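Worksheet: one structure, shown below.
Predicted model, so just to flag it, every value in this text is computed and none were measured.
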Number of protein chains: 2
Amino acid sequence: MGIIQDIATIPLFRGLPDKHLEDLAMIVVDQVFQRGQVIFSEGDDGNGFFVAITGRVKIYKMSPDGKEQILHIFEPGEPFGEVPVFTGQQFPANAEAMKECRLYFFPRDSFVHLIKKNPSLALNMLAILSKRLRRFTMLVENLSLKEVPGRLAAYLLYLSDKGEGARDLELSITKGQLASLLGTIPETLSRILGKMSGQGLIETEGPKIKILDPRGLEDLAEWGHL
Amino acid sequence: MGIIQDIATIPLFRGLPDKHLEDLAMIVVDQVFQRGQVIFSEGDDGNGFFVAITGRVKIYKMSPDGKEQILHIFEPGEPFGEVPVFTGQQFPANAEAMKECRLYFFPRDSFVHLIKKNPSLALNMLAILSKRLRRFTMLVENLSLKEVPGRLAAYLLYLSDKGEGARDLELSITKGQLASLLGTIPETLSRILGKMSGQGLIETEGPKIKILDPRGLEDLAEWGHL
DNA sequence: CGTGGCCTTGATAAAGTTCAAGAGCCGTGG
DNA sequence: CCACGGCTCTTGAACTTTATCAAGGCCACG
């Protein structure tokens with residue numbers, strides 16, 4: 001019960017007529033994944049895509065020697081795994097539940113059929129993919145053009161912005177995961193957090209980080225040094 | 001003369017009825033850019049997108065201290081600059097003509113209008129954006145998980161595949177640009193090309209690169225060392 | 001023939017990774 | 001209630017990779 005309501009709250013489906021929401025409810029598959037469970041792996045055939053209803057999902061790549069790069073972390077309401085739906089190929093990366101997740105799975109054919117009949121659904125999906133391209137652009141910029149302190153500063157400011165400018169942040173992921181998100185390793189992240197504390201930019205206590213000098217962080221994010 | 005034919009050959013518009021091709025021809029703006037000319041800059045408002053008809057276009061990011069990361073190089077037939085069309089924001093990166101280019105510009109509103117009436121156009125665009133996401137995934141993987149020799153090996157194999165397995169490659173861009181594409185600098189690229197020659201993997205002569213040991217390159221691309 | 005662009009090479013320095021060890025934390029079970 | 005094992009995080013030292021700085025070579029074009 002409540003599937004239609006759940007679907008209606010997904011931004012991707014905003015503005016859809018009730019009739020189409022019902023159609024979606026007919027084709028959706030409700031799935032639950034446990035923390036640490038693999039949702040799909042790079043190279044698997046993708047016969048549809050997912051929307052997170054509860055929980056948190058990471059999309060990541062692995063190098064042969066075990067280093068992980070997180071590409072994205074999806075929260076409730078966000079769709080993922082759409083790429084093969086439209087290219088007809090395999091998933092380009094892996095997906096894993098970071099905690100217990102409830103996911104809605106939308107099979108490819110039914111969804112494409114629906115898109116053909118509903119331009120606003122197509123435009124919603126185009127907007128989502130475009131936003132994702134924008135994020136990837138930033139990720140590439142960070143990885144290639146900034147060094148780790150700059151990436152970390154940018155991430156902290158991003159968190160602060162998301163929390164309406166809050167100075168007191170609390171990491172919702174472990175520092176190890178944060179390292180993987182920033183394209184580095186826990187040791188390096190740890191050292192840089194220490195250095196930034198020493199310079200009076202931030203204050204850390206476990207998963208809590210207090211921003212002491214937002215301007216200093218901005219300079220760091222922009223220029224790569226203080 | 002010829003505009004409709006040009007438009008009809010663009011993969012994005014494949015399968016469109018003639019009537020819609022004519023509509024497109026009505027809204028398109030034909031533009032020419034000289035080598036080195038800026039097409040748009042990061043932060044500019046995007047009121048439409050481009051399709052390359054002739055020439056070559058690079059999409060890139062710059063760091064404050066001048067290092068460049070090429071995100072993409074577009075050849076004739078490929079659309080670019082679509083992100084702001086669907087998110088309503090600014091261009092996330094810069095675009096510059098690498099040689100004299102003829103571009104078709106499609107204004108946003110007319111195009112969105114057309115998409116609403118034509119699901120197959122929407123699906124074509126979704127496929128293109130999805131492919132681009134896939135490419136970005138590979139770029140991130142390369143930048144974060146591989147070191148420069150691995151990236152170079154992967155790029156050479158990609159060129160070889162594109163040329164139906166050809167062993168004799170010819171770079172269509174300068175080595176400096178290749179360095180920027182691989183997320184490094186010309187000096188480093190030069191050294192690594194030298195090292196790879198010394199190991200008998202390739203043979204270089206100016207812009208020509210001959211692949212001597214494809215298996216060796218695959219190992220390098222996969223594992224980061226021979 | 002000189003000038004500017006592009007590429008190469010060498011010496012040096014910086015940033016990040018690896019390896020190793022240890023500290024803090026927490027849930028489980030004796 | 002406390003001890004143990006596992007996990008995350010931190011710190012140190014050596015090492016690797018890459019960037020930086022500087023200089024010189026090659027080549028096309030005027």
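For the contact set between residues 179-194 of chain A and DNA chain D, defined by any heavy atom under 4.0 Å, the members are E187(A), S190(A), R191(A). Proximity of residues 140-152 of chain A to DNA chain C (heavy atom under 4.0 angstrom from any strand atom) is restricted to E147(A), V148(A), P149(A). Contacts between residues 166-175 of chain B and DNA chain C, defined by a heavy-atom separation under 4.0 Å, are made by T174(B), K175(B).
Using a 30° and 60° split on the angle between ring planes, F50(B) and F80(B) fall in the parallel class, below 30°. Below 30°, between 30° and 60°, or above 60°: for F111(B) and F13(B) the angle between ring planes is above 60°, a perpendicular geometry.
With E78(A) as the partner, the salt bridge (Lys or Arg N to Asp or Glu O under 4.0 Å) test is satisfied by one option alone out of K131(A), R132(A), R135(A): R135(A).
In terms of the ring-ring contact (aromatic ring centres under 6.0 Å, His included) criterion, Y60(B) has no residue partners (sequence neighbours excluded).
Side-chain polar atoms of D30(B) and Y104(B) form no donor-acceptor pair below 3.5 angstrom. Judged by distance alone, the side chains of R167(A) and S160(A) never bring a donor and an acceptor atom under 3.5 Å apart.
Rounded to whole Å, the distance from CZ on R35(B) to C1' on dC6(C) is 11 Å. Atom CD in E205(B) sits about 15 Å away from atom P in dC7(C), given to the nearest Å.
Of the charged side-chain nitrogens involved, none lies within less than 4.0 Å of a carboxylate oxygen, so that E68(A) and K61(A) do not count as a salt-bridged pair. Of the charged side-chain nitrogens involved, none lies within less than 4.0 Å of a carboxylate oxygen, so that K210(B) and E205(B) do not count as a salt-bridged pair. Comment: K208(B) does not engage E203(B) in a salt bridge, judged by the lack of any side-chain N to carboxylate O separation of less than 4.0 angstrom.
One axis for each end of the helix from dC1(C)-dG30(D) to dG30(C)-dC1(D), each built from five base pairs, and the angle between them comes to 20° at 10° resolution.
Once you apply a 4.0 Å limit to the heavy atoms of chain B, the touched nucleotides of DNA chain D run 5' to 3' over dT17(D) to dC21(D).
Rounding to the nearest 0.5 angstrom, the gap separating the NE2 atom in H72(B) from the CG atom in L139(B) is 9.5 Å. Distance check: T184(B) OG1 to Q69(B) CD gives 9.5 Å after rounding to the nearest 0.5 Å. Atoms CD1 and CG, from I39(B) and D44(B) in turn, are 12.0 Å apart once rounded to the nearest 0.5 Å. S63(A) OG to N142(B) CG: the interatomic distance, rounded to the nearest 0.5 Å, is 12.0 Å. Rounded to the nearest 0.5 angstrom, S172(A) OG and M98(A) CE are separated by 7.5 Å.
Atom CZ of R35(A) has 12 or fewer heavy atoms from other residues, nucleotides or ligands within 6.0 Å.
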